[in-house]
Amino acid sequence: MTVMSQRVAGFGTTVFVEINSLARQHNAVNLGQGAPDFDGPPEVLASAVEAVNSGLNQYAPGVGMPVVREAIVKHAERFYGQKIDPETEVLVTTGATEGVFAAILGLTDPGDEVIVFEPVYDTYVPNLIMAGVTPRYVPLRGEGWTFDPDELAKTFSPRTRAIMINTPHNPTGKVFSRDELRAIAELCQRHNVIAITDEVYEHILYDDAIHTRLATLPGMGERTLTISSLGKTFTVTGWKIGWAIGPAALVNAVNQAHQFITFAVASPLQAAAATALSLPFSFFENLQASYQAKRDRMIDVLTKVGFHVFKPAGSYFVMVDWRGVVPKQVQDDMQFAEWLIREVGVACIPASPFYQDSDKHLGKHFARFAVCKKDQTLAAAAHRISRLG
Ligand SMILES: Cc1ncc(COP(=O)(O)O)c(C=O)c1O
């Protein structure tokens, strides 16, 4: 008996499950999945505990608790100067993941096309497929992971409904520049297309990188849905508290789907989200300084043993080209990841799963290391990797 629907049959197992299982078997230091091995700010954790103990344990309103919608609005004003109506222009979702899926279901129709940049974060394409939408890919290439503006322009068609932009970008660490976003904005307006942005790494930026919110560019406020979440910024990836903000018509469309996917999001964690989003500037500065040190340490050790490092401008990740380091029998990124786990005792994520089948070769020589780990974990990984030198 065939039990699996055709809709999901092609999805297979994610590379994260495979790598985590192999890493466990070999007792490897796991720099694979982008989940921190340390906790978020104590006052945020305490706020969740207090909310549970004070009886905030029943359904929240479907669009989110007023206190967290207010906090999301204030955060957007504080960091990006946006003016958002907490009543109609904010929706709280079960992480950015649900926000993205609800956005696709609420804003596209079967047969539409949606443009994504490749390498592409792993949930987008399965989400599009489940919605009956055709993904159209624009590759990011070279040292700065740039796109060819002509190639992007040619990818727009009369069927294009939306474009998805993830900045800072997973897995490359690219932060889309203002000029790149302007080029995207111009095409969106010319073709009357919606932009869906995923900005979950908005506060994890390196050196002098600046995160530009596409919604704040001229003409984009009315056609951009901005999605973000609590997980990365506040080191609570397991909480799955996210939000979508944008013009009321877009947010309402996303809510049409959200109300029948999860309906409402964990109440006590929403209360704690309000505490988190209201933390002072110093919290965000310290977060960046701490990640800067982690990134620099990993870049240093990886470069010293001969990896070509693509210096990330943001996100949890460092992408490398591994060809300078491995023995001849290692031919592709999957073999590289296995070899690194078995022989070196460190786990990373191969890059080709972030590419569509016909473009896998573009990711074949790359692998992604996560730096969102305790200094102790990074030291253990660094010690093992440095033996390669
Ligand atoms: C680009 C990107 N979007 C979304 C998510 C998931 O966000 P959330 O945990 O809020 O659903 C991740 C997590 O790794 C991510 O890297």
Side-chain angles (χ1 to χ4, degrees), residues 5-12 14 62-64 89-138 152 155-167 169-171 176 184-185 187-188 191-202 213-215 220-229 231 240-265 353-356:
S5 74
Q6 287 178 23
R7 195 183 296 116
V8 301
F11 293 166
T14 75
V63 292
E89 297 180 329
V90 183
L91 175 71
V92 179
T93 58
T94 305
T97 311
E98 193 237 336
V100 167
F101 191 36
I104 291 168
L105 290 174
L107 296 168
T108 66
D109 284 307
D112 285 344
E113 292 177 359
V114 168
I115 298 173
V116 295
F117 290 96
E118 187 178 51
V120 56
Y121 177 60
D122 68 331
T123 65
Y124 300 172
V125 171
N127 284 179
L128 294 170
I129 290 170
M130 287 192 278
V133 171
T134 306
R136 298 289 311 275
Y137 299 84
V138 176
L152 176 62
T155 309
F156 279 79
S157 84
R159 288 165 63 199
T160 308
R161 190 71 167 256
I163 180 167
M164 301 178 72
I165 301 112
N166 167 217
T167 183
H169 184 256
N170 176 6
F176 281 70
I184 294 169
L187 287 165
C188 286
H191 295 276
N192 196 20
V193 157
I194 295 164
I196 301 170
T197 69
D198 174 345
E199 306 183 13
V200 298
Y201 299 103
E202 62 186 293
R213 192 158 261 194
L214 182 64
M220 290 309 287
E222 69 227 49
R223 60 175 68 248
T224 303
L225 185 82
T226 306
I227 294 171
S228 193
S229 82
K240 305 296 291 181
I241 300 289
W243 51 88
I245 55 185
L250 294 193
V251 169
N252 184 44
V254 181
N255 188 36
Q256 289 288 100
H258 162 81
Q259 66 184 338
F260 296 125
I261 304 176
T262 55
F263 150 51
V265 175
F354 295 90
Y355 290 83
Q356 64 171 325

- Item | Residues Val116, Leu128; criterion side-chain contact (heavy atoms from CB on, under 4.5 Å); working and verdict | CA-CA 10 Å; Val116 295; Leu128 294 170; 4.1 Å; yes
- When every non-hydrogen atom of Val265 is compared with those of Val92, the smallest separation belongs to CG2-O, 3.7 Å
- Rounded to the nearest 0.5 Å, how far apart are CG of Leu214 and CZ of Phe176? 10.0 Å
- Item | Stepwise side-chain contact (heavy atoms from CB on, under 4.5 Å) test for Val251 and Ile245 | CA-CA 7 Å; Val251 169; Ile245 55 185; 5.6 Å; no
- Task: Could I get the full list of side-chain hydrogen bond (donor to acceptor under 3.5 Å, both in side chains) partners for Gln356, not counting sequence neighbours?
- Result: Asp359
- Query: For Glu98, does its backbone N or O pair with a side-chain atom of His258 as donor and acceptor, under 3.5 Å?
  - Reply: no
- Task: Nearest 0.5 Å please: distance from the OG1 atom of Thr226 over to the CE atom of Met220.
- Result: 9.5 Å
- Val193 to Ala162 - nearest heavy-atom pair and separation: CG1-CA, 3.6 Å
- Query: Is Gln256 close to Leu105 at the side-chain level, that is, under 4.5 Å between some pair of heavy atoms?
  - Reply: no
- Going from CD1 on Ile165 to CD1 on Ile115, what distance comes out if it is rounded to the nearest 0.5 angstrom? 9.0 Å
- Without swapping roles, check the side chain of Thr93 against the backbone of Gly95 for a donor-acceptor pair under 3.5 Å. yes
- Task: Give a yes or no on whether the backbone of Phe156 and the side-chain of Arg136 come within a donor-acceptor separation of less than 3.5 Å.
- Result: no
- Do Asn166 and Tyr124 come close enough that some side-chain heavy atom pair is under 4.5 Å? yes
- Output for pair (Phe117 CZ, Ile184 CD1), nearest 0.5 Å, gives 4.0 Å
- Message: If you compare all heavy atoms of Ala131 against all heavy atoms of Thr108, which two are closest, and at what distance to 0.1 Å?
- Response: CB-OG1, 4.4 Å
- Which value, rounded to the nearest 0.5 Å, describes the distance between Tyr121 atom OH and Met164 atom CE? 10.5 Å
- Message: Out of the candidates Thr123, Asp112, Asn127, only one should pair with Ile104 under the side-chain contact (heavy atoms from CB on, under 4.5 Å) rule; please name it.
- Response: Asn127
- Message: Side chains of Val254 and Leu107, heavy atoms from C-beta outward: is any pair under 4.5 Å?
- Response: yes
- Minimum heavy-atom distance between Ser229 and Ala96, given as atom pair plus value: CB-N, 3.7 Å
- Message: Can you confirm whether Trp243 sits close enough to Leu91 that some side-chain heavy atom of one is under 4.5 Å from a side-chain heavy atom of the other?
- Response: no
- Message: Using 0.5 Å steps for rounding, measure from the CG atom of Asn170 to the CG atom of Asp122.
- Response: 7.5 Å
- Task: Quick one: do Thr197 and Thr167 satisfy side-chain contact (heavy atoms from CB on, under 4.5 Å)? Show the steps, please.
- Result: CA-CA 7 Å; Thr197 69; Thr167 183; 5.8 Å; no
- Note on the structure: Smallest heavy-atom separation, Pro247 atom then Gly221 atom, equals CD-O, 3.3 Å
- Which atom pair, heavy atoms only, marks the closest approach of Ser228 to Glu202? OG-OE2, 2.5 Å
- Are Asp109 and Arg161 close enough, and set up right, to give a side-chain contact (heavy atoms from CB on, under 4.5 Å), and what steps lead you there? CA-CA 8 Å; Asp109 284 307; Arg161 190 71 167 256; 3.1 Å; yes
